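Report on the structure given below.
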Amino acid sequence: QVQLVESGGGLVQPGGSLRLSCAASGSIFSIYAMGWYRQAPGKQRDLVARISSGGRINYADSLKGRFTVSRDNAKNTVYLQINSLKPEDTAVYYCNALLRTEATTNSLNYWGQGTQVTVSS
């Protein structure tokens with residue numbers, strides 16, 4: 001079994017900052033990539049940022065500059081620093097990991113339960 005547990009969401013005023021964390025645990029053989037997606041009410045789930053085990057990073061083009069993704073491979077943890085938050089950043093933020101478990105030879109996508117980020121004054 002694999003679990004992805006997010007933390008760090010909450011209510012923040014416009015212009016504020018948040019740091020989200022996601023820790024993967026369980027029978028993990030190797031994690032190839034970890035990242036963050038978000039889903040606003042009534043919208044589809046979209047990529048925010050993704051980082052490979054080698055450190056290669058992809059950001060959604062519209063979010064470059066305010067979002068910073070980082071990863072601690074030793075802790076199987078990915079972080080998302082969000083600065084200058086805007087009301088339109090309000091969404092559920094989901095952690096994602098592409099990994100292989102000890103029980104298989106295939107890599108699969110796993111998702112966390114999501115953490116709510118609300119930007120409002």
Side-chain angles (χ1 to χ4, degrees):
Q1 293 287 349
V2 172
Q3 282 189 318
L4 301 182
V5 179
E6 301 112 331
S7 61
L11 174 64
V12 63
Q13 292 186 341
S17 298
L18 277 178
R19 188 188 194 213
L20 307 182
S21 300
C22 171
S25 62
S27 302
I28 298 170
F29 178 81
S30 182
I31 301 179
Y32 303 110
M34 297 186 78
W36 294 91
Y37 289 70
R38 69 181 186 181
Q39 187 168 19
K43 296 188 177 181
Q44 66 180 19
R45 189 177 300 186
D46 291 325
L47 173 71
V48 175
R50 199 165 188 242
I51 182 169
S52 72
S53 58
R56 183 164 55 190
I57 295 174
N58 292 315
Y59 289 103
D61 287 341
S62 61
L63 302 179
K64 289 180 180 178
R66 296 189 298 115
F67 292 73
T68 303
V69 66
S70 60
R71 179 173 169 178
D72 186 332
N73 290 334
K75 295 182 179 180
N76 289 340
T77 299
V78 64
Y79 306 95
L80 185 68
Q81 178 70 38
I82 315 173
N83 298 325
S84 302
L85 277 154
K86 304 176 181 180
E88 50 264 42
D89 294 320
T90 296
V92 178
Y93 285 70
Y94 293 93
C95 177
N96 171 267
L98 177 66
L99 61 85
R100 175 187 161 188
T101 68
E102 294 175 348
T104 71
T105 57
N106 298 322
S107 58
L108 295 173
N109 271 306
Y110 289 82
W111 294 91
Q113 293 184 327
T115 184
Q116 177 70 46
V117 172
T118 302
V119 184
S120 175
S121 56

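Counting begins at 1 with the first residue of the sequence. Being a predicted model, the structure only gives us computed values, none of them experimental.
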Quick check: is [Y] connected to [X] through a chain of hydrophobic side chains (ILVMFWY, heavy atoms under 4.5 Å apart)?
X     : Y     : value
Leu98 : Tyr94 : no
Leu18 : Val92 : no
Trp36 : Leu47 : no
Ile28 : Tyr32 : no
Val2  : Val5  : no

Are Asn73 and Arg71 linked by a side-chain donor-acceptor pair shorter than 3.5 Å?
yes

Given side chains that start at C-beta, do those of [X] and [Y] come closer than 4.5 Å, heavy atoms only?
X      : Y     : result
Ser120 : Leu11 : yes
Val117 : Arg38 : no
Thr101 : Phe29 : no

Does atom CD of Gln113 have more than 12 heavy-atom neighbours, drawn from other residues, nucleotides or ligands, at distances under 6.0 Å?
no

Neighbour count >12 (heavy atoms, 6.0 Å) for atom CD, Gln39
yes

Kindly compute the distance separating [atom1] ([X]) from [atom2] ([Y]), expressed to the nearest 0.5 Å.
X      : Y     : atom1 : atom2 : answer
Asn96  : Met34 : CG    : CE    : 8.5 Å
Asp72  : Tyr79 : CG    : OH    : 5.0 Å
Thr115 : Leu80 : OG1   : CG    : 11.0 Å
Thr68  : Arg19 : OG1   : CZ    : 10.5 Å
Ile82  : Arg66 : CD1   : CZ    : 8.0 Å
Ser53  : Ile31 : OG    : CD1   : 9.5 Å

Shortest non-hydrogen separation from [X] to [Y] and the atoms involved:
X     : Y      : result
Ile57 : Tyr59  : CG2-CE1, 3.3 Å
Gln44 : Asp46  : NE2-OD1, 2.9 Å
Thr90 : Gln116 : CG2-NE2, 3.9 Å
Asp89 : Ser84  : OD2-O, 4.4 Å

Which class fits the ring pair Tyr93 and Phe67: parallel under 30°, tilted 30 to 60°, perpendicular over 60°?
parallel

Exam field: side chain Glu102 to backbone Ser27, donor-acceptor pair closer than 3.5 Å:
no

Test the Arg45-Tyr37 pair against the cation-pi criterion, namely NZ or CZ under 6.0 angstrom from the six-membered ring centroid and within 45° of the ring axis.
no

